[in-house]
Structure formats: structure tokens, C-alpha cells
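Index from 1, following the sequence. This one's a predicted model, so the numbers in the text were calculated from it and none came from an experiment. Just so it is clear, the values below take in all heavy atoms, side chains as well, and ignore hydrogens, waters and symmetry mates.
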Amino acid sequence: MAQFLVYLNKNFLSKFVTQEIFQSLVISLGISTILMARSLRKGSVSRSGAVAGWFVGLFNFLPGMAFGLTLITFFLVGSRATTIKQDEKKKFEEDFKEGGQRDWKQVLSNSWLATIFAVAYVIEHGARSEIRFAAGLTPCATASICAFVGYYACCCADTLSSEIGV
């Protein structure tokens with residue numbers, strides 16, 4: 001077993017867990033914790049939603065700030081849209097929650113695929129503080145960026161249409 005761990009460290013972990021990824025992980029942990037606490041305090045998520053959101057935030061910030069800011073933008077826009085026309089929503093929705101409190105199912109249904117794209121980007125390209133579409137970026141990393149942004153754009157459009165459209 002010890003030989004396997006040494007082999008794993010030499011051949012995988014030492015190559016994958018770079019200084020950039022470690023720094024990005026520390027930043028991701030901090031930002032995810034702050035967002036989780038804020039969301040719980042404001043009542044925009046349940047406890048299960050906060051835990052799921054913490055993991056989503058952790059992995060969405062890992063590739064870099066551009067990925068994390070995309071997630072935050074979606075979360076803030078969706079949370080704000082949820083508060084529009086609440087009186088009308090009470091009449092039509094059986095499971096209406098004041099402030100649109102999200103649980104783990106709602107958090108993951110709107111983020112699981114984008115989180116996979118973020119992780120795929122880190123595996124393929126590593127953690128970076130900025131994203132550059134350049135000749136050195138692999139097709140997989142480029143596809144991960146486009147899929148990540150496209151996924152959240154689609155989820156945001158769906159959330160806005162259902163929340164504002166009532």
C-alpha cells in the first residue's frame with residue numbers, strides 16, 4: 001500500500017496538484033464558505049441547498065475567477081428574479097417558499113453539468129487566474145469553457161422565464 005501511495009504521488013499528484021491549483025483551492029474554499037453563509041443568512045437556500053452550493057462553488061471557482069463569477073452572476077440574477085411577483089406566485093404554487101428558498105435538488109439541477117465542465121477544464125488545463133483563448137489552449141479546455149458558459153446561460157434564461165413570466 002505504501003508503495004502505491006509513493007507511486008501515486010510521483011506520477012499523478014505531484015503533476016496535478018500544482019502551486020496554482022493549491023492557491024485556487026484555498027481561494028475556492030474561502031469564497032464558497034462566504035457565499036454559503038451569506039445565502040443561509042439571507043434565506044435564499046435551505047441547509048441542504050447551502051451544502052450543495054458550497055461544493056458547487058468550490059469546484060466552479062477552482063478553474064479561476066471567470067468560472068466563479070459566472071456562477072455568482074447566475075445565482076444573484078436567479079435569486080433576484082425569484083423575489084419578483086411573489087404575491088402572484090403564492091396563488092398558483094403549492095410548494096411556494098417565501099424568498100424562493102432553494103434546496104439541494106434545485107442547486108444541483110442548475111449546476112451539476114457546469115461543475116463537471118469546470119472540473120474537466122482543471123484536469124485538461126489546470127487552474128488559472130484568467131482565461132485566454134489562445135493557440136496553446138487544447139480543444140477540450142476550449143470546449144469546457146464554452147459548455148460551462150453556455151450551460152449557465154441556458155439555466156439563467158430558464159430561471160428568468162419561469163420566475164418573471166409566472
For the OG atom of Ser79 and the CD1 atom of Ile72, what is their distance to the nearest 0.5 Å? 11.5 Å

Between the main-chain N or O of Tyr121 and the side-chain N or O of Glu124, is there a donor-acceptor pair closer than 3.5 Å? no

Taking side-chain contact (heavy atoms from CB on, under 4.5 Å) as the definition, give me every residue that meets it alongside Leu108, ordered by chain and number, with sequence neighbours left out. Ala52, Val56, Trp104, Ser111

Which residues pass the side-chain contact (heavy atoms from CB on, under 4.5 Å) test with Ile34, not counting sequence neighbours? none

Flag, side chain of Ser32 to backbone of Leu29, donor-acceptor distance under 3.5 Å: no

Within this structure, what is the CZ-CZ distance for the pair Phe75 and Arg38, rounded to the nearest 0.5 Å? 7.0 Å

To the closest 0.5 Å, what do you measure between CG (Leu58) and CG (Leu35)? 11.5 Å

Would you confirm whether Thr159, through its side chain, and Gly78, through its main-chain N or O, come within 3.5 Å as a donor-acceptor pair? no

Any luck finding a side-chain donor-acceptor pair between Arg102 and Ser39 under 3.5 Å? no

Please round to the nearest 0.5 Å and tell me the distance separating atom CG of Leu62 and atom OG of Ser24. 4.5 Å

Can you give me the closest heavy-atom contact between Tyr151 and Asn110, atom names plus distance? CE2-O, 3.6 Å

Centres of the Phe148 and Phe67 rings: under 6.0 Å? yes

Which pair of heavy atoms, one from Cys156 and one from Val77, lies closest together, and at what distance? SG-CG1, 3.8 Å

Has Asp158 got a side-chain atom pairing as donor or acceptor with Ser161's backbone, closer than 3.5 angstrom? no

Ile116 vs Phe59 side-chain heavy atoms within contact, under 4.5 Å: no

Distance in Å, Ile145 CD1 paired with Thr70 OG1, rounded so as to fall on 0.5 Å steps: 10.0 Å

Decide side chain to side chain donor-acceptor pair (under 3.5 Å) for Tyr152 and Asn60; before the verdict, give the C-alpha distance in whole Å, the side-chain angles of both, and the deciding distance to 0.1 Å. CA-CA 11 Å; Tyr152 275 128; Asn60 279 241; 3.0 Å; yes

Separation of Thr115 OG1 from Leu71 CG (nearest 0.5 Å): 7.5 Å

Among residues at least two apart in sequence or on other chains, which ones pass side-chain contact (heavy atoms from CB on, under 4.5 Å) with Arg80? Thr83

